[in-house]
Protein chains: 4
Amino acid sequence: MNDDSVEDPREAKRAERVQRRRRQILDAAAHLMQRTGYHAMSIQQLAEEADVSVGLVYQYFGGKHDLLQAVIEDILQDFEQQLPQRIRADEEPAAQLAGAVRSLCEIIAAKREGTVLAYRESATLSGPGLRRIKELELRTVQPVRQIVIEGLASGAFRPVDPELVAHTVLMIAHGWALKHWNLGARMSLDDYVRQETELLLNGLAAPTK
Amino acid sequence: MNDDSVEDPREAKRAERVQRRRRQILDAAAHLMQRTGYHAMSIQQLAEEADVSVGLVYQYFGGKHDLLQAVIEDILQDFEQQLPQRIRADEEPAAQLAGAVRSLCEIIAAKREGTVLAYRESATLSGPGLRRIKELELRTVQPVRQIVIEGLASGAFRPVDPELVAHTVLMIAHGWALKHWNLGARMSLDDYVRQETELLLNGLAAPTK
Amino acid sequence: MNDDSVEDPREAKRAERVQRRRRQILDAAAHLMQRTGYHAMSIQQLAEEADVSVGLVYQYFGGKHDLLQAVIEDILQDFEQQLPQRIRADEEPAAQLAGAVRSLCEIIAAKREGTVLAYRESATLSGPGLRRIKELELRTVQPVRQIVIEGLASGAFRPVDPELVAHTVLMIAHGWALKHWNLGARMSLDDYVRQETELLLNGLAAPTK
Amino acid sequence: MNDDSVEDPREAKRAERVQRRRRQILDAAAHLMQRTGYHAMSIQQLAEEADVSVGLVYQYFGGKHDLLQAVIEDILQDFEQQLPQRIRADEEPAAQLAGAVRSLCEIIAAKREGTVLAYRESATLSGPGLRRIKELELRTVQPVRQIVIEGLASGAFRPVDPELVAHTVLMIAHGWALKHWNLGARMSLDDYVRQETELLLNGLAAPTK
DNA sequence: GATGAATGAGGTTTCATTCAT
DNA sequence: GATGAATGAAACCTCATTCAT
């Protein structure tokens with residue numbers, strides 16, 4: 001048992017307020033960064049948007065750099081946590097994969113601007129930070145990789161590299177966000193998902209004798 | 001025949017030097033932007049890298065912003081011009097498409113960092129500039145779209161939206177550049193192209209009776 | 001009663017310091033501009049003279065341009081406020097006018113360099129700013145115009161355009177500032193005022209029957 | 001006899017071309033400075049306006065500073081030369097003075113913007129240059145001073161300081177230029193001259209017994 | 001004589017960060 | 001905990017001047 005688990009109502013209240021403050025600043029930062037980019041956002045502007053003082057930003061986050069790291073991690077963690085909840089274990093591999101593609105696309109489409117921000121600003125991050133981001137992204141598509149492995153075992157899919165399929169699925173989802181300026185005007189997300197899924201499943205299907 | 005075509009050796013020499021200077025600055029800018037990003041590159045730094053004075057940068061390019069536009073356009077124009085040269089007209093649609101996927105992947109892989117730069121900094125561009133970039137990208141994948149249309153006409157492919165396939169092919173190629181930190185360690189470009197091509201062609205193939 | 005009138009000692013102290021800072025910068029700017037002109041004054045130099053940082057200048061004034069506007073307005077407001085206090089209501093029009101001429105000359109002579117600065121740099125101001133300056137100058141000579149109107153009504157002056165007299169009085173006062181390099185060596189301000197006043201009053205006097 | 005008087009047709013032609021070039025540049029410079037001020041005018045811009053190369057400006061004038069000196073001197077010399085031509089020797093002092101006031105006002109009104117430029121930028125000049133400008137201005141009003149001296153001698157004017165009257169006349173003429181933004185909308189130059197002249201002559205007139 | 005490409009010092013401005021209150 | 005005034009390094013950009021052609 002460590003100190004944190006000691007129930008101190010005073011301490012609990014403090015921790016709760018800290019979380020609220022962090023969220024307040026983080027959301028404002030995400031909003032501004034998505035609209036104007038990391039470099040165009042000034043701390044003064046952020047403080048105004050978040051309705052806190054400039055100094056407070058520095059109490060809750062180490063600096064502008066750490067803020068970027070936190071914003072991107074926050075977005076990617078959301079992705080990582082949502083996907084497993086939406087995968088149903090009781091389906092065939094093909095149906096599972098189709099469901100995973102749809103889920104990932106919808107999850108990412110819901111935070112389209114956050115996804116674009118991650119692409120835009122990841123390279124701005126420092127070495128260790130960037131490594132954490134990459135790690136998160138790899139973890140996000142782990143469920144997809146798992147489905148493919150199972151499909152291969154059951155003979156549902158023709159022989160493929162599960163890693164490559166996971167990558168491809170991720171690019172399908174990211175593609176909607178990255179090229180929304182083009183696709184958005186031509187089709188609905190539902191159409192996009194349906195067509196990409198069909199293409200993928202046909203591509204993966206084991207040849208019928 | 002207009003005045004420009006009159007052969008003035010003085011003018012010709014001047015024009016040639018102007019081109020050399022522009023290229024000198026453009027290449028240095030592309031190099032620095034790819035290494036550190038647009039915002040991290042200072043004009044001072046660029047001038048040193050290009051071995052010219054700060055003022056000259058402003059004489060050849062209106063400002064830092066125009067320079068970014070020029071760098072990205074330069075990269076994308078290169079893509080647009082190279083692809084058609086590598087498509088063979090005398091093949092079957094499937095083979096043609098496979099060739100196009102390979103070509104595009106190789107072209108983009110050769111300027112991997114430029115591609116990533118375009119993703120990173122496109123949002124930094126001004127409205128009209130961004131529109132030109134998007135236009136260029138659409139033009140780049142036109143040949144792919146054309147191949148699909150012909151394949152559909154000949155019954156080689158199952159019914160699909162050619163626009164979507166063009167998008168998918170572009171994402172295959174961009175995917176290599178964007179996720180090279182992951183893929184590069186796992187497979188060669190050749191492997192990547194082979195596997196993605198197989199997936200795609202299987203996905204597209206008309207069902208045999 | 002509005003919120004501002006609520007006595008908040010914290011807020012009052014803050015406002016007082018803001019006023020002191022503004023004045024500190026404004027005075028230093030006026031001093032430097034009068035010595036070297038607007039363009040020759042650098043913000044760096046101003047910050048040193050005012051003993052503040054460069055950044056603070058931009059916090060209190062939007063930029064160099066706004067600073068010029070503020071300096072000139074500050075000078076002209078001073079003129080506008082001082083003149084009415086020195087006009088005595090209980091005198092004959094001629095005596096009132098003589099007093100006004102003397103007062104205006106003395107007021108302007110006391111800020112001779114500021115007056116010259118206003119002439120030098122007014123054209124540097126932006127459209128709306130320039131309009132405010134002109135408005136201020138017109139208001140400054142309103143009392144003179146009023147005296148003339150009353151003198152015309154009482155028959156003390158021969159028929160003249162009050163606007164023109166107001167202009168002439170202003171030019172008498174400004175003339176001392178603008179041509180001080182010549183006049184200053186030849187006569188005292190007192191002599192100048194006496195002689196110009198005599199010329200003006202004789203010029204205005206209604207002919208005796 | 002010096003070398004310059006030797007009639008060398010080659011040399012004469014050269015000198016003529018030099019004069020034409022100087023004038024070409026000077027006029028363009030005067031035009032730009034009057035529109036935007038000395039500091040806002042760049043040599044590049046001037047070269048374009050004058051339709052010569054940047055380098056040529058430096059062959060005919062030492063630099064930007066010398067150009068300002070030349071422009072202002074050019075304007076003031078024009079004033080100095082025109083006034084004597086328009087004064088008639090065969091009139092009464094009062095009529096002569098009235099004529100001089102009218103002439104000076106008209107001369108200056110014709111180069112209103114040049115006059116304002118001289119006020120704006122004189123302080124920008126260097127010491128020796130400024131002295132020459134002041135000298136020129138004093139010489140300009142010499143004829144007025146002379147008329148007053150003669151009028152005093154003949155008893156036409158009440159005792160006044162001729163220097164002060166010359167100054168006052170100059171301020172009447174300059175006043176039209178400096179406050180044209182106000183006066184121009186209220187009266188014609190002719191009205192202005194008539195009223196100021198009446199005021200001045202009444203002010204100067206020797207009292208009738 | 002004439003050109004205009006090239007230079008680089010110097011200017012204005014922004015903004016991440018600190019710290020006294 | 002919270003504030004926001006203050007700092008100053010560093011960025012972009014301009015433009016007077018030079019000089020090889």
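Basis for what follows: all heavy atoms, side chains included, without hydrogens, waters or symmetry-related copies. Order of the sequence lines fixes the chain letters, A, B, ..., with proteins taken first and strands second; residue numbering starts at 1 for each chain.
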NZ of D:Lys64 versus C1' of E:dG10: gap in Å, rounded?
14 Å
Think A:Arg21 has a side-chain N or O under 4.0 angstrom from the OP1 or OP2 of F:dA2?
yes
Return the 5'-most residue of the pair A:Gly62, B:Val18 with respect to DNA chain E, ranking by each residue's nearest nucleotide.
B:Val18
Are the side chain of C:Gln45 and the backbone N or O of C:Ser42 linked by a donor-acceptor pair below 3.5 Å?
yes
Considering just the side-chain nitrogens and oxygens of C:Tyr58, establish if one lies under 4.0 Å of OP1 or OP2 belonging to F:dA6.
no
Rounded off to whole Å, could you give me the CG-to-C1' distance for the B:Leu56 and E:dA6 pair?
6 Å
Integer-rounded Å distance: F:dT3 P and C:Arg17 CZ
16 Å
A:Gln59 has an atom CD; how far is it from atom C1' of F:dT3, in whole Å?
9 Å
How long is the line joining CZ of A:Arg14 and P of F:dG1, in whole Å?
5 Å
Taking only Lys NZ, Arg NE, NH1 and NH2, and the carboxylate oxygens of Asp or Glu, determine whether A:Asp74 and A:Arg22 approach each other closer than 4.0 Å.
no
Report yes or no: does B:Gln69 contribute a side-chain atom to a donor-acceptor pair with the main-chain N or O of B:Gly129 at less than 3.5 Å?
yes
Length of the CG-C1' vector between D:Leu46 and F:dA16, whole Å:
12 Å
In what stems does DNA chain F take part, counting only runs of at least 3 consecutive Watson-Crick or G-U pairs whose two distances fall under 3.5 Å?
E:2-21 with F:2-21
If I take atom CZ in residue B:Phe61 and atom P in nucleotide F:dC12, what distance separates them, rounded to the nearest angstrom?
16 Å
Going by heavy atoms closer than 4.0 Å, what residues in residues 22-44 of chain C are next to DNA chain E?
C:Met41, C:Ser42, C:Ile43
Identified side-chain contact (heavy atoms from CB on, under 4.5 Å) counterpart of A:Glu73 within the set A:Leu26, A:Ile133, A:Leu125
A:Ile133
Is B:Lys64 reaching over with its side chain to a backbone N or O of B:Tyr38, donor-acceptor style, under 3.5 angstrom?
yes
Protein-nucleotide distance (C:Gln45, atom CD; E:dG10, atom P), rounded to Å:
13 Å
Does F:dA2 have OP1 or OP2 under 4.0 Å away from a side-chain N or O of A:Tyr60?
yes
Charged N-O contact under 4.0 Å between B:Glu16 and B:Lys13
no
Applying side-chain hydrogen bond (donor to acceptor under 3.5 Å, both in side chains) to C:His65 and not counting sequence neighbours gives none
Heavy-atom nearest pair, C:Ile25 first then C:Leu56, reads CD1-O, 4.2 Å
Say whether, by atom type as modelled, one donor and one acceptor occur between the side chain of B:Gln24 and the main chain of B:Ala50 under 3.5 angstrom.
yes
